[in-house]
Amino acid sequence: MLDIKLIRESRETVEAGLKTRRSEVKLDEVLALDERRRAIITEVDRLRARRNEVSREIGALKKAGEDTGAIQQETREIGERISALDAELREAGEAQRRLLLAIPNLPQEGVPEGADSTANVVVRSWGEPREFAFEPKDHVALGEALGLFDFERAARLAGSGFPLLTGAGARLERALIQFMLDLHTTQHGYVEVAPPHLVSSAAMTGTGQLPKLADDMYHLSTDDLWLIPTAEVPVTNIYREEIIRRPLPIRLVAHTPCFRREAGAAGKDTRGLIRVHQFNKVELVQFVEPEASRAAHEELTGHAEAVLQALGLPYRVLLLCSGDMSFAAAKCYDLELWAPGYGGWLEVSSCSNFEAFQARRANIRWKNREGRNEFVHTLNGSGVALPRLVVALLENGQQEDGSVILPEALRPYLGGLERLTPPA
RNA sequence: GGAGAGAUGGCGGAGUGGCUGAACGCGCCGGUCUUGAAAACCGGAUCCCGCUCGCGCGGGACGGGGGUUCGAAUCCCUCUCUCUCCGCCA
C-alpha cells in the first residue's frame with residue numbers, strides 16, 4: 001500500500017511511477033475520497049469538542065442540583081449529527097482503502113522501465129553451461145528412468161500438476177531442503193521457522209496477494225482459509241499489527257509447500273516438474289530498517305545465489321523491469337538456472353525488496369533511533385524453489401548412460417551417495 | 001464439539017457511568033549522588049488522526065464492531081482470540 005500522504009503531496013511522481021507498472025491509475029478517486037474524509041474528520045472533531053464541553057457542564061449543573069433539560073437537548077442533537085457523519089466517514093475510509101489496496105508498489109529508481117519480461121536485464125551470470133558430447137535428456141526422461149517420480153499415478157491423486165516423488169527422488173528433495181536450511185541458518189544468519197500452511201484473508205492482504213491474486217490461490221470456503229502460495233505470506237505476517245521491539249534485521253528462513261492454481265499455465269512448461277500446483281520451497285524473509293533495505297536486498301540475493309554456487313549449477317541474475325515485477329515489489333532480482341535438457345533458463349528464485357509496501361498493509365512497525373514508530377522494510381527471496389532445482393540438477397549432472405552425478409555438497413545429506421542410478 | 005473464565009500501557013495488575021489516558025509494581029529513559037557502577041532519591045515517557053509554516057490546538061483509542069446514555073474502560077449485543085475442564089483425535 002502506498003502512503004496516502006505521498007499520493008497527496010507528490011501526485012505527479014506517483015502517477016509517473018505507476019504508469020511504468022501498467023497500472024490503471026485511479027488517483028483522482030482516491031484523492032477525492034481523501035479530501036472528503038478529512039473534511040468530515042475536521043467537522044466531527046469540532047462537534048465532539050462542543051459535546052464534551054457541554055457534557056462537562058451538565059455534570060457540574062447536576063451536581064449543583066439544577067435543571068439540564070434544555071442543554072441536554074443540544075448534545076442529543078450533536079450526537080445525532082456525529083453518528084451520521086461517522087457513518088459517512090467509515091464509508092469513505094473503506095472505499096479509499098479498497099482503492100489503495102489495489103494500487104501496486106512504485107518501482108525503485110534504477111529499475112528498468114518496460115512492459116514485460118523482454119525488458120528485463122541480465123546483471124550477471126555464474127558458471128559455464130556444460131558442453132555435452134551427447135544429446136542431453138530432459139528431466140522427465142531422466143527421472144522416470146531413475147524412478148524418481150511417477151507422473152501417471154500422481155494424476156490419480158489430485159489430477160495433473162501434483163507431483164508424486166518416489167524413492168531417491170523423494171529423498172533427493174528432502175536432502176536439498178535440509179542442505180538449504182542448514183546453509184542459511186549456519187552461514188547467513190537466518191532463524192528457522194515452521195509456519196502454518198493455511199492463512200487468513202487478513203494475512204493474504206498484508207503481503208499483497210489479496211485482493212488481486214484471489215483466483216490464483218486455493219481457498220477453503222468452509223473455514224475461509226487460503227493455502228499459502230509461498231512461505232512469504234505466513235512468515236512476513238508473523239509481525240503483523242506489531243511494533244517490533246527487538247533489534248533489526250530479523251532474518252527468518254522457512255521450508256513450506258506452496259500451492260498455486262496457475263490458471264494460465266500452458267505449453268511445454270506443463271511437462272514434468274517445471275510448473276506444478278504444489279511444490280516445496282525454502283524461503284528467506286527479512287525485516288530491516290528502512291535505510292538498510294537496499295543493501296539487505298543485495299545481500300539476500302547473494303544468499304540465494306550461494307545455494308546455486310554450492311551446488312555448482314550455472315545461473316544468471318535478472319533485474320526485472322517495472323512491468324514484470326510482482327504487485328508488491330519495488331525492486332526484484334530473478335535467479336534462473338540453466339537446464340540443458342529443457343533447453344532454457346528456469347526461474348528458481350525471486351528476491352524482492354518491498355520497502356514499506358507490505359509493512360504499511362500489515363501494519364508492521366519498529367521504534368526507530370528517534371524513538372518514533374516507523375514502518376519497517378520487508379524483503380524476501382526463494383532460497384530456493386525445489387522442483388526446478390531438481391530439474392537443473394538432473395539435467396546438468398546427467399551422464400551418457402542416464403545416471404546423474406550429484407554435487408559434492410549434497411552427498412552428506414544422501415548418506416554419501418555420489419550418483420543416481422536406476423533402481424535394481 | 002460441550003461447559004466455564006477472561007482480553008486494560010513494554011510486562012504484571014487496579015479500576016464498575018463524569019474529576020481515569022488510566023492507581024500501584026516491574027521494566028525503560030534522563031538527572032542527583034559516585035573515580036565508575038549499583039543502591040537510594042528526583043523527574044520523564046502510550047498510540048492514532050485532523051488543523052497549523054511552526055509554537056501549539058482539537059479529536060479518538062482500555063481485543064474488533066455495534067448499541068444504551070447528555071456522557072462508557074465501566075451497562076447491553078455481537079465477533080475474534082486466549083485460558084481451564086470434559087469429549088474426540090495424529
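Just so we're on the same page: letters track the sequence lines, and every chain starts at 1. What you see below is based on every heavy atom in this structure, not just the backbone, and it leaves out hydrogens, waters and symmetry mates.
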Closest non-hydrogen atom pair, A:H139 against A:L273: NE2-N, 2.8 Å
C1' gap between B:A22 and B:U46, integer Å: 11 Å
Sugar-phosphate only, base, or nothing, as touched by A:T75 at under 4.0 Å among non-hydrogen atoms: sugar-phosphate
Spacing between A:I40 atom CD1 and B:G50 atom P, to the nearest angstrom: 13 Å
Rounded C1' spacing from B:U78 to B:C19 in Å: 32 Å
Pairing partner (Watson-Crick or G-U wobble, both distances under 3.5 angstrom) of B:U74: none
Nucleotide paired to B:C19 in any strand shown, Watson-Crick or G-U, under 3.5 Å: none
Atom-to-atom span, CZ of A:R360 to C1' of B:C48 - whole angstrom: 15 Å
Nucleotide forming a Watson-Crick or wobble pair with B:G58, both distances under 3.5 Å: B:C49
Rounded distance in Å between the P positions of B:A14 and B:G6: 12 Å
A:D86 CG to B:A61 C1', straight-line distance once rounded to whole Å: 13 Å
Atom-pair distance (CZ on A:R76; C1' on B:U69), nearest Å: 9 Å
Strand partner of B:A40, provided both Watson-Crick or wobble distances fall under 3.5 Å: B:U32
Presence of A:K367 side-chain N/O under 4.0 Å of B:C47 phosphate oxygens OP1/OP2: yes
Distance, rounded to the nearest Å, where A:D224 contributes CG and B:U80 contributes C1': 13 Å
Ionic contact status for A:R90 with A:D86, cut-off 4.0 Å: no
Whole angstrom value for the distance that separates P of B:C48 from CZ of A:R97: 16 Å
Any A:N52 side-chain nitrogen or oxygen under 4.0 Å from OP1 or OP2 of B:G60: yes
Closest-nucleotide 5' rank along RNA chain B - winner of A:K5 and A:V44: A:K5
Salt bridge flag under 4.0 Å for residues A:E94 and A:R97: no
NZ/NE/NH1/NH2 to OD/OE distance under 4.0 Å, A:D28 and A:R11: yes
Test: A:E43 and A:R81 ion pair at under 4.0 Å: yes
Spacing of the P atoms in B:U8 and B:G4 (rounded, Å): 22 Å
Inter-nucleotide P distance (B:U80, B:G64), Å rounded: 15 Å
Base B:G58 paired with A:D45 side chain (donor-acceptor, <3.5 Å): yes
Closest nucleotide among B:G59, B:C51, B:C70 to the A:T42 side chain: B:C51
5'-most by nearest nucleotide on RNA chain B - A:R8 or A:R46: A:R8
Shortest side-chain distance from A:R48, nucleotide among B:G59, B:G10, B:C49: B:G59
Pair assignment for B:A7, Watson-Crick or G-U wobble, requiring both distances under 3.5 Å: B:U80
Same-atom distance (C1') from B:G9 to B:U20, integer angstrom: 13 Å
C1'-based separation of B:A7 from B:G18 [nearest Å]: 25 Å
A:R51 side-chain N/O to B:C70 phosphate OP1/OP2 under 4.0 Å: no
Sidechain N-carboxylate O distance under 4.0 Å for A:K19, A:E15: no
Minimum-distance nucleotide to A:S55 side chain [options: B:G50, B:G10, B:G71]: B:G71
Gap between atoms CZ and C1', on A:R50 and B:G71 respectively (whole Å): 14 Å
G-U wobble or Watson-Crick pairing nucleotide for B:U69 (cut-off 3.5 Å, both distances): none
Strand partner of B:A14, provided both Watson-Crick or wobble distances fall under 3.5 Å: none
OP1 or OP2 of B:C48 under 4.0 Å from side-chain N/O of A:R365: yes
Assigned partner base of B:A90, Watson-Crick or wobble definition, under 3.5 Å: none
d(CG, A:D223; C1', B:U80) in whole Å: 15 Å
Closest to side chain of A:N373, choosing from B:C48, B:G58, B:G50: B:C48
B:G50 phosphate, OP1 or OP2, under 4.0 Å from A:R38 side-chain N/O: no
Euclidean distance for P, B:C26 against B:G21 (whole angstrom): 24 Å
Sugar-phosphate only, base, or nothing, as touched by A:R246 at under 4.0 Å among non-hydrogen atoms: nothing
Residues A:R22, A:D324; criterion salt bridge (charged side-chain N to carboxylate O under 4.0 Å, His left out); working and verdict: CA-CA 9 Å; A:R22 295 180 305 165; A:D324 203 31; 5.8 Å; no
Polar contact flag, side-chain donor to acceptor under 3.5 angstrom, A:S322-A:R21: no
